[in-house]
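Keep in mind the model is a prediction, meaning the values are calculated, not measured. All chains are named by letter (A, B, ...) in the order of the sequence lines, taking the proteins before the strands, and each is independently numbered beginning at 1.
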Protein chains: 2
Amino acid sequence: MYVTRKADYAVRCVLHLSKYPEQVVSVNDIAKAMHIPKSFLAKILQRLVRKNIVMSIRGVNGGFQLSRNPKDINLLEVIEAIQGVTAANICALDSKKCRLSSTCSVHPVWVGIRKEIEKRLREWSFSRLAEAKR
Amino acid sequence: MYVTRKADYAVRCVLHLSKYPEQVVSVNDIAKAMHIPKSFLAKILQRLVRKNIVMSIRGVNGGFQLSRNPKDINLLEVIEAIQGVTAANICALDSKKCRLSSTCSVHPVWVGIRKEIEKRLREWSFSRLAEAKR
DNA sequence: CTAAAACAGGACATAATCAGTCCTGTATAG
DNA sequence: CTATACAGGACTGATTATGTCCTGTTTTAG
Ligand code: SF4
Ligand code: SF4
């Protein structure tokens with residue numbers, strides 16, 4: 001699978017925090033609400049903190065909250081914060097990774113797909129996601 | 001990575017065969033032309049044979065050739081022949097795989113991305129790829 | 001001032017998947 | 001009847017994915 005559990009959990013987590021901006025939520029609460037293994041989520045949150053997507057408050061009554069307005073955080077950013085940049089096929093990530101890329105007629109297809117995916121993921125801010133009805 | 005080497009090799013291989021339809025090409029020749037480890041390619045070809053994308057001719061001067069017109073084989077088909085159906089995120093493959101899918105506002109995004117990717121891959125037949133200039 | 005609650009970070013564990021290799025067997029042209 | 005080429009299964013090593021655990025630090029309530 002291309003999107004790892006780790007990244008998907010990160011998305012769920014940020015989505016949850018987007019529902020309660022201004023509020024401090026503990027790992028435990030997020031984990032329960034979004035069905036994520038607690039200690040795994042703890043590690044994920046560390047990364048989101050370093051990437052300046054969420055901020056942490058330590059000590060009793062501590063927890064996490066978004067470090068920015070949900071409208072300024074999008075899906076792509078959160079996923080890349082966890083996985084780094086990815087693409088469906090290596091050559092779309094870096095054409096040097098395949099010696100055939102300069103002549104391969106399939107290469108542009110993967111590049112196009114990558115662009116399309118990134119565009120779509122960028123279009124979805126967490127404010128938009130939080131509002132989206134299902 | 002989402003598209004495995006195996007699937008990418010399969011695509012290269014079919015692409016090569018598309019350049020010489022009607023001709024019988026040995027594993028060795030394909031492997032050399034497309035820079036694929038020979039015995040690995042041999043296994044890949046077995047699968048393509050079973051999926052009725054290529055046919056094999058055994059014995060001296062044997063080898064492989066496409067079992068259909070390149071215009072009737074597309075990228076999606078070859079990739080799925082090797083990897084089976086895939087998607088960027090599990091819920092796009094099967095919503096039952098995630099208990100949150102019925103309420104998750106991100107789920108439709110992945111479904112949309114999957115549809116878009118499959119559409120694009122389906123649009124590229126190997127005759128079109130073989131003609132494509134680079 | 002101290003205990004309890006909560007995050008931080010590193011090390012570790014396990015399973016799955018990927019990327020290939022190798023060996024034995026079978027078919028066939030010449 | 002032998003060399004060439006495919007068929008199929010077993011096996012292997014490396015990497016990645018998915019977590020857990022333990023120790024330490026920060027903070028606040030009492
Ligand atoms: S699509 Fe072409 S360029 Fe990209 S990895 Fe495959 S062979 Fe290389
Ligand atoms: S996007 Fe939503 S539905 Fe899909 S896997 Fe993640 S949480 Fe589950």
Side-chain angles (χ1 to χ4, degrees), chain A residues 1-13 17 23-32 34-67 79 82-90 93 97-98, chain B residues 1-13 17 23-32 34-67 79 82-84 86 88-90 93 97-98:
Chain A
M1 212 55 47
Y2 165 41
V3 172
T4 62
R5 285 309 74 208
K6 213 165 173 168
D8 189 74
Y9 291 159
V11 168
R12 292 188 204 184
C13 169
L17 291 176
Q23 224 173 297
V24 175
V25 190
S26 71
V27 176
N28 227 310
D29 291 352
I30 305 173
K32 278 180 185 157
M34 305 311 270
H35 298 95
I36 306 170
K38 182 184 160 174
S39 42
F40 197 26
L41 176 58
K43 305 254 67 171
I44 293 166
L45 277 159
Q46 284 177 25
R47 235 191 132 73
L48 293 177
V49 168
R50 271 183 244 124
K51 294 287 182 174
N52 198 36
I53 292 170
V54 308
M55 48 186 286
S56 72
I57 293 96
R58 289 170 78 145
V60 177
N61 298 325
F64 298 86
Q65 75 186 121
L66 295 184
S67 56
I79 291 168
I82 302 298
Q83 305 195 340
V85 293
T86 48
N89 200 344
I90 26 168
L93 195 58
K97 290 268 173 75
C98 178
Chain B
M1 211 59 42
Y2 166 38
V3 171
T4 61
R5 285 309 74 210
K6 211 164 173 170
D8 189 73
Y9 290 160
V11 168
R12 293 187 202 186
C13 170
L17 292 176
Q23 223 173 299
V24 176
V25 189
S26 71
V27 177
N28 227 309
D29 291 352
I30 305 172
K32 279 181 183 156
M34 305 312 269
H35 297 97
I36 307 170
K38 182 183 160 174
S39 42
F40 197 26
L41 176 59
K43 304 254 66 169
I44 292 166
L45 276 158
Q46 283 178 23
R47 233 188 134 75
L48 294 176
V49 168
R50 272 183 244 124
K51 294 288 181 171
N52 199 36
I53 292 169
V54 309
M55 48 187 285
S56 72
I57 294 95
R58 290 171 77 142
V60 177
N61 299 326
F64 298 86
Q65 75 186 121
L66 293 184
S67 56
I79 291 168
I82 301 298
Q83 307 195 341
T86 48
N89 200 344
I90 27 167
L93 195 59
K97 290 265 173 76
C98 178

Provide a list of protein-nucleic acid N or O atom pairs under 3.5 angstrom, restricted to nucleotides 23-30 of chain C.
unit_1	atom_1	unit_2	atom_2	d
C:dG25	N2	B:R58	NH2	3.4
C:dT26	O2	B:R58	NH2	2.9
C:dA27	O4'	B:R58	NE	3.4

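If you check C:dT21, D:dC21, C:dC7 against the side chain of B:F40, the one that comes closest is C:dT21. Among the nucleotides C:dC22, D:dC6, C:dA19, the one closest to the side chain of B:F64 is D:dC6. With D:dT20, C:dC22, D:dA5 as the candidates, the nucleotide lying closest to the side chain of B:S26 is D:dA5.
A straight line from CG of B:N28 to C1' of D:dA3 spans 14 Å, rounded to a whole angstrom. Separating the CD1 atom of A:I90 from the P atom of D:dT16 is a distance of 12 Å, rounded to the nearest angstrom. Put simply, CD1 on B:I82 is 14 Å from C1' on C:dC18, counting in whole angstrom units. The nearest whole Å value for the distance from the NE2 atom in A:H35 to the C1' atom in D:dT18 is 18 Å. Here the P atom of nucleotide D:dA17 and the CG atom of B:N89 are 13 Å apart, to the nearest Å. For A:R5 and C:dA16, the CZ to C1' distance is 14 Å, given to the nearest whole Å. Whole-Å rounding puts the B:Q65 CD to D:dC6 P distance at 12 Å. Atom OH in B:Y2 sits about 15 Å away from atom P in C:dA19, given to the nearest Å.
At least one side-chain heavy atom of B:L41 sits under 4.5 Å from a side-chain heavy atom of B:C13. At a threshold of 4.5 Å between non-hydrogen side-chain atoms, the residues B:L48 and B:I82 count as touching. A:P37 is not listed as a side-chain neighbour of A:R5, based on a closest heavy-atom distance of 4.5 Å or more.
Put simply, B:S56 has a side-chain N or O that comes within less than 4.0 Å of OP1 or OP2 on D:dA7. For B:Y9, a side-chain nitrogen or oxygen approaches OP1 or OP2 of C:dG20 to under 4.0 Å.
A heavy atom closer than 4.0 Å to some atom of DNA chain C occurs in B:K43, these being the qualifying members of residues 41-52 of chain B.
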Exercise answer: donor-acceptor pairs, residues 55-67 of chain B side-chain atoms, under 3.5 Å, sequence neighbours excluded:
unit_1	atom_1	unit_2	atom_2	d
B:S67	OG	B:N52	O	2.8
B:S67	OG	B:I53	O	3.0

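The distance from atom CG of B:L45 to atom CG of B:L17, rounded to the nearest 0.5 Å, is 7.0 Å. Atom CD of A:Q83 sits about 6.5 Å away from atom CD1 of A:I79, to the nearest 0.5 Å.
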Taking it one step at a time, do B:Y2 and A:N89 satisfy side chain to side chain contact (heavy atoms under 4.5 Å, CB included)? CA-CA 6 Å; B:Y2 166 38; A:N89 200 344; over 6 Å; no
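Pairing each heavy atom of B:R12 with each of B:H35, the nearest pair is NH1-O, 3.5 Å.
By the 30° and 60° cut-offs, the orientation of the rings of B:F40 relative to B:Y9 is perpendicular.
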